[in-house]
Every structure is written in C-alpha cells, then in structure tokens.
Amino acid sequence: MAPEPRDVLWKNLATSYRYLPLQNLLVFIAASLLTIFFAIPVTAVQGIAKFEKLRKWFPPAMALQLIPGLRSVVTGYLPSAVLKGFIYIVPFAMLGMAKLAGCVSGSKQEIKCCSMVFYFLVGNVFFLSLLSGSLLDEIGESFSNPKNFPSHLASAVSAQADFFMTYILTDGLSGFSLEVLQPGLLIWDFIKSHTYSRGKEKVPYLYSMPYFRVIPFVSLSILIGMVYAVVAPLLLPFLIGYFFFGYAVYVNQIQDVYETVYESCGQYWPYIHHYILVAIVLMQITMIGLFGLKSKPAAAISTIPLLLFTILFNEYCKIRFLPTFYRCSIQNAMENDELDEKNGLLEVNYENAHNAYCRSFLQPQGRMEENTFVSLFLSLVLLQLCIKSQSQLVPALHIFGDSAVDVGNSIYLNTSFRADFAPYGIDFVVGQTGRFSNGVSITDVLGTALGVDLAYPIVNGTNTINFLYNKNQAFNYAYGTAGILPETGEATGETLSLGQQVGLFKQTVEIYLPQQFKSSQEISRYISNSLFVVFTGSNDYIHNYLQPSQYNSSRQYNDEKFADLLVTEYGNQLSELHTLGARRMVVFEIPPLGCYPIVLERIKSNTRCVENVNNMVTIFNDKLGAKVKELSSTLKDTTIILAKTYELVYDMINNSSTYGLEEAAKPCCVVGKDGSGLCVPEKTPCEKRNTTLFWDQAHISEAANTIIAVKAFNGSGLSTPANIVDAIKSAKSTPTAHNGTGPNSVSYLNILLVLAFFVVLSYL
C-alpha cells in the first residue's frame, strides 16, 4: 500500500526515475566516505583536546594547573567528550544525506538513514574500539591478511571486554537519562521562544520518534551482546539491565511524549532482523577465531557449518516471512479482505492486527527487498576471504637476536634463563610460549604487519633445527641470553650466539629449503625477498661486560675497544647472511641499558639512569650505524635498515605520558632476588600492563614492543634510511617463489570482493 498522506514527501514524487539511481549512488558514496574517514577529524580534534596541545592552542588553559585534580579530569574526559559530540551529530548528517536520495516518504527516508547509521556505528564504534588505527587502516589490514581476520577479531574482542561493559553502563544508561530529560529540546525551545518565535503563540515542542537515532544504537548493543556472549558472559547481565531500562523509557516516550506522524505497521522488523543476523555472523566468526587462538582446529572447523546454517536460515526467513511486510496494491488488499470475509477470518485478522500494532512503540516503518541468494553468496565470499591464504609483503621473516625477540628457543636448551612459566605470556593469545614479555614481541608485531605466519622456535628438544613449519612464516633463531660474542650468557647455561644462529640459518638454506623448492633459483628469490631482523648486543653488556665477577672482558678492553670488537663480529655475521642470500635486513640498536631496572639494581643507583652505562651503549650504537652504512654501500643489491631504538626507548622513559605510559621505572611483574631480572613464577603482575614500560627488570612490555614495532614498520624518525614498509616497496624485487602470482594480483581481487560485500550489505 502507498504511504499515508501525512507521510508522503510530495515534492519528491516529481523527481524523475532517471535521476534516482544517481542520487542513491551519491548518497551511498557520501555515507561510505563519512564512515571510513570519520576517525581522521575525530583523532585530530582529540589530539588538540589533550592538555599539552590545548595549552599550545589555547594559552588560558594553563590555569587548569592551578586547580588540583582539574587537569586530570580535563585530560581524561575532554577527548571522550569530543568523540561523543562527533557521534551525536552523525545521525543528523546521515539523515541529511538520506533526504537527497529522493525517497517518496519520510518513513522510507528514516529507514535509509537508520541503516547507514548502523553500519557507521559497527565500523567506528565496534571495530574501531576493538582494533587499532582508523577504520581505513583496519579495512586495509583485512585486505592484506583476510585469513587473520577471525583470530584478530577474537583476540581484540577478548581484550576489550571491560571497555564494552563500561560502554553499556555509561553510554547506554546516560543515553536513556538524557532521553527522559530531553535537555536538547528544552534548550532549543528556550532559544526559539526568545529569538524568532518571541511573541508568537507558544506551541508544544513535540516531535516524532527519532528512529534514525534510537534503533541503530540499540542494534549496536545487540551486536555487542551477541559477540560477547561466548567471550565474556559477564557482560550479559549488564546488557539485560540495559534493555529492561530502555524498554521502560521508550514505552513512556513513545506513548506519552513523541507525536506519531505516520503508521508503519511493523515494517521496520525486517531491518532489525538483518541487524541481528549481522551480529550472529560476527559472533560465529569470533568463535572460529577464538577456537583457532586456543589451538582447537577441530572446533574451529566444526563452527563453519554453523555459520553457513545461519545464513541459510536467514534465507528461509526471508522467503517465509518477508512477503508479509511487502506493500501491495489497493486492489490486492481489497481482494485479500474479501477472501478473509468469505472464509470468516476478517474479524480474527483484524483483532490480530490490532493486538500486534495498536501500541505506538511497535510502529517503525520500512521495506526490505527480496534478494534471496546475494547475501548467501557474499557471506561465503567473506568466509573464503577470512580463511584463504593471501599474498604478503615478504615470503618469510627470519629473526636473530636475544631474549627481546626469542619466542621459545631457550626452553629447549639447558639454561636457567627461560620464560616458559606464568606470569610470562599472560596477555599472549596462547599463554606461556617462552617469550620474555607479557604478550607479543617486536617481531611478532612486525610479522603480523608483513602478513607472515606466527613465529615458532627454530630448535626442538633434540637440539637440532626444527623443519616442521610452513615456509611462509617467521623463522625465529633468537635465544634468551645470546649475544654477539660466543661466550656471552654462558654463565646461565647453554646459549646460541649470533654466529651460531646464522649457522642454523645456513642449515635451513642447505637442508630444509631444497626440500621445499624445485630449483636453486627459486630458493634464491625466496631468500632475497625475505626480511631478516637482528636484535642483539644487549646481553654482551648485561651478561658479559657488566659482570666482571664472571667475565674478564671489562679487564681486557676499554669501552671503545669492546664496542669495536662487537661491531666487527656483528658486521661479519651480517656479511655471512648476505653470502647466504639475504638482501633485506633490519638491524636494531641497543636500547639505553643504563635506564633498565636490572642495571639500576646491580649498581644500586638512585638516579633515573646510569649515564656511564648509557655512554658505553652510545659508543656501540654509533659504531654500529657506521658499520651498517659501510655494508649498505659494499654489499651488492642489499638494503640494511637501522632502527634507532636507543633514542625512542630513552624518550619513552623520560616522556612516558606522550606514549600513553604511566609507569616507566618499575617492572610490572614481581622480580626475584637471583639477579637474573626475571619474574618470580606464578606471582600476580601489575594490573595496568598496557601502560607500563618494563615487564620485568630486563625486558619491556607488550605495549612498548608494539610502539617500537609500529614506528619501525611504517613510522618516521626511527628507521633509517626508510621505514620497513617503504623500503620493501621501493626495493627492486622479483616475484616471490612461494606465490605464482604477483604480490598484488590476488589482493586486488579480494579488495573488489570485500567492497562488493559491504556495498550490497549496506543496500540490504
């Protein structure tokens, strides 16, 4: 049936049908751009809203420092208020766009706006809160590594349970309070009555139910509840309270406050059904990723049919129930009424309709087009993109170094310096693996960014090289107490010096890779296009030069000579990697060890840093930089990136708040008295691990590792002559041996498929 007269937008009836597709396309493009790039202005304004920036742009803000506690309140709540303000105006912006689509009725206009707002919230509130970076960055990451989307989503969902619990309590409940109080309407009525409406007859400021603002936010809460039902069930009681409170508020508002401007007869339900389906699908994808993170491949695979059955059930519901919501012509409606009257069902159907739709809070309006197989096809495409292997920036990542990047090699050798016990790995997706951190290492983050599989230890229990893993992964040769010199770390037990690690890589080239490739040319391309990361040198000071009771190096060499010794051996091993085929290398400086808790504890210093130790490290780093520059010019077709870790970590220690860190001096975990600097087994660490610089006395936290890795990968100022991603893209390379196509051919196809998915999903 046609919309009732009071709902019709009469001027839109004069719009030519030839222009409607163009108008809808322009509206879709505008809404998509707003959704994708929304994070840019918000982040910019939030950056200005921080106290340091605010003081620069608005000098009177310095007065906030005079009132105790006021600065922290402003710093904590102003950025959040900025975000809330931007999100508040989004529905009105979307409604303005929807008005350009040429809808024939106000109800249809609101429905279009509602769908646009819902997908905006899914992208910029749900996903942007879960993941790091802007929505555009996350979409790009999904294009590059779609197979990692379920596991990425699952780990992010698990980590953000507290945030969404707070979101439901604060945003939800405060939103209902504002809905009852209606401060916006009160202020607008006051301004209007004292300006252009002064002297005019006062009329009640009644408006219609703002479906385009209410339903998307409620649907987002449903989505959050669905996803967290299997990850954090504790959220569900708060969500139930949210819905009970919301029901009471909106029954009152719709019945006694808002004016009903049109009758929709439940036409909004197909759209709400669609939003719920999106929530269920996201929940099941999260389950697949969660089972994968828990190393339960059978459970993950068995969940895939559940996802397919959900899509099929939705198709059944659309075929079975959707025709009920279609509009029909007056002639068809009259024929149906006559048939009901003939069969004696007219009064019964009238009573049923009256009971179902007489209450105003069940009166949304809308229409959904039947599209039986499109959503099924696109969902299967998305599932395929989430599972299928994709091309990557490099075919493999080879990691050399010490405990900063060790992923478990130390647990296979006879040593007391190991990290295969709690609380190590407390924030890592699979728990304790031998990583000397609460979570990921620098090279874990780099591996994810590069698109390679998770790194495994290269050695096994028989002290031989482990060839059991996928060639398209991160190979980790790093070892806990390893150093550049062979004797470094021997006081703690067995070790693998940098030279021994390069020797293991030589075995990889000579024994393992010939089993994986057909020719030596393929092996050469594979190695030359791989990335080699070296993070070593710290132990040559901590577990050698600065331990005169166990090593005599400090008596044999002064600071200059010892640095020369280290850098010469370092250069020899980099040259050996080049001989074995390496052409892309990243070398990390030694961080400011004089500021590390383990050094401060040994020297019993009361200062923030022991500068004479930092001077030793600076001498080494200067010589290392010169060596890297020399090798870059002498080694043929080789790119060596120097990551200046010293300056960054030193700045993180002295200006920790700039990096979102609150504690930059004390270790997070409880450290033993044995001088190793490691955590005491099974002792509970600090709660604010994501704002702490040091994890134990000798290693930084996951948060600090992530900051360093991100800056090295695509930041500026840390890596020279270029960051990792720019160096890889600018390097002249041949097609990788592990992928018959070029690195972008499959990605472009997947980009088009995912875009098609979101385009059609938005119209549905």
Side-chain angles (χ1 to χ4, degrees), residues 3 6-45 81-125 128 134-136 175 178-179 182-185 187-189 191-192 195-196 205-220 258-262 264 267-268 271 275 364-367 758-759 761-764:
R6 57 180 175 170
D7 186 27
V8 174
L9 299 176
W10 298 100
K11 64 178 181 179
N12 286 349
L13 294 178
T15 304
S16 173
Y17 279 101
R18 292 178 297 176
Y19 300 126
L20 288 179
L22 178 60
Q23 289 179 255
N24 279 276
L25 178 62
L26 293 176
V27 169
F28 173 77
I29 293 174
S32 300
L33 292 176
L34 176 61
T35 300
I36 294 174
F37 294 102
F38 174 78
I40 296 177
V42 173
T43 304
V45 176
V82 170
L83 176 62
K84 300 296 187 300
F86 272 95
I87 290 181
Y88 180 80
I89 64 175
V90 165
F92 298 97
M94 292 291 192
L95 182 62
M97 296 179 191
K99 289 181 178 180
L100 302 177
C103 300
V104 297
S105 65
S107 56
K108 183 64 177 177
Q109 190 170 268
E110 280 198 81
I111 289 172
K112 191 175 190 66
C113 175
C114 192
S115 293
M116 293 191 295
V117 174
F118 172 75
Y119 285 107
F120 172 89
L121 294 176
V122 171
N124 283 285
V125 175
L128 192 59
S134 68
L135 181 59
L136 183 61
L178 294 175
E179 177 64 36
Q182 295 288 339
L185 290 179
I187 295 172
W188 171 245
D189 182 69
I191 295 174
K192 186 173 64 173
T195 54
Y196 65 88
Y205 53 91
L206 295 178
Y207 298 90
S208 62
M209 171 70 176
Y211 291 119
F212 66 97
R213 282 199 302 113
V214 175
I215 290 181
F217 284 91
V218 175
S219 300
L220 177 67
Y258 290 120
E259 180 182 9
T260 301
V261 297
Y262 59 82
S264 62
Q267 290 286 334
Y268 226 117
Y271 292 88
Y275 302 155
Q365 194 269 347
R367 172 174 173 259
F758 284 109
V759 167
L761 202 62
S762 299
Y763 276 109
L764 290 178

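Between A98 and C103, the shortest heavy-atom contact is O-SG, 4.2 Å.
Side chains of C114 and Y211 form no contact here, defined as non-hydrogen atoms less than 4.5 Å apart. With contacts defined as side-chain heavy-atom distances shorter than 4.5 Å, the pair Y119/P216 does not qualify.
Taking L22 as the reference, L26 meet the side-chain contact (heavy atoms from CB on, under 4.5 Å) condition, with sequence neighbours excluded. Among residues two or more places apart in sequence or in another chain, the side-chain contact (heavy atoms from CB on, under 4.5 Å) test is passed with L20 by T15, Y17, Q23, N24. Under the rule for a side-chain contact (heavy atoms from CB on, under 4.5 Å), the partners of V90 that lie at least two apart in sequence or sit in another chain are F38, M94, F120.
Between the CE atom in M97 and the CG atom in L34 there is a gap of 4.5 Å [rounded to 0.5 Å]. Within the model, atoms CD1 of I215 and CE of M209 stand 6.5 Å from one another, a figure rounded to the nearest 0.5 Å. Atoms CD and CZ, on E110 and R213 in that order, are 10.5 Å from each other to the nearest 0.5 Å.
Applying the ring pair (Phe, Tyr, Trp, His ring centres under 6.0 Å) test to pairs two or more places apart or on separate chains, none has a residue in residues 94-116.
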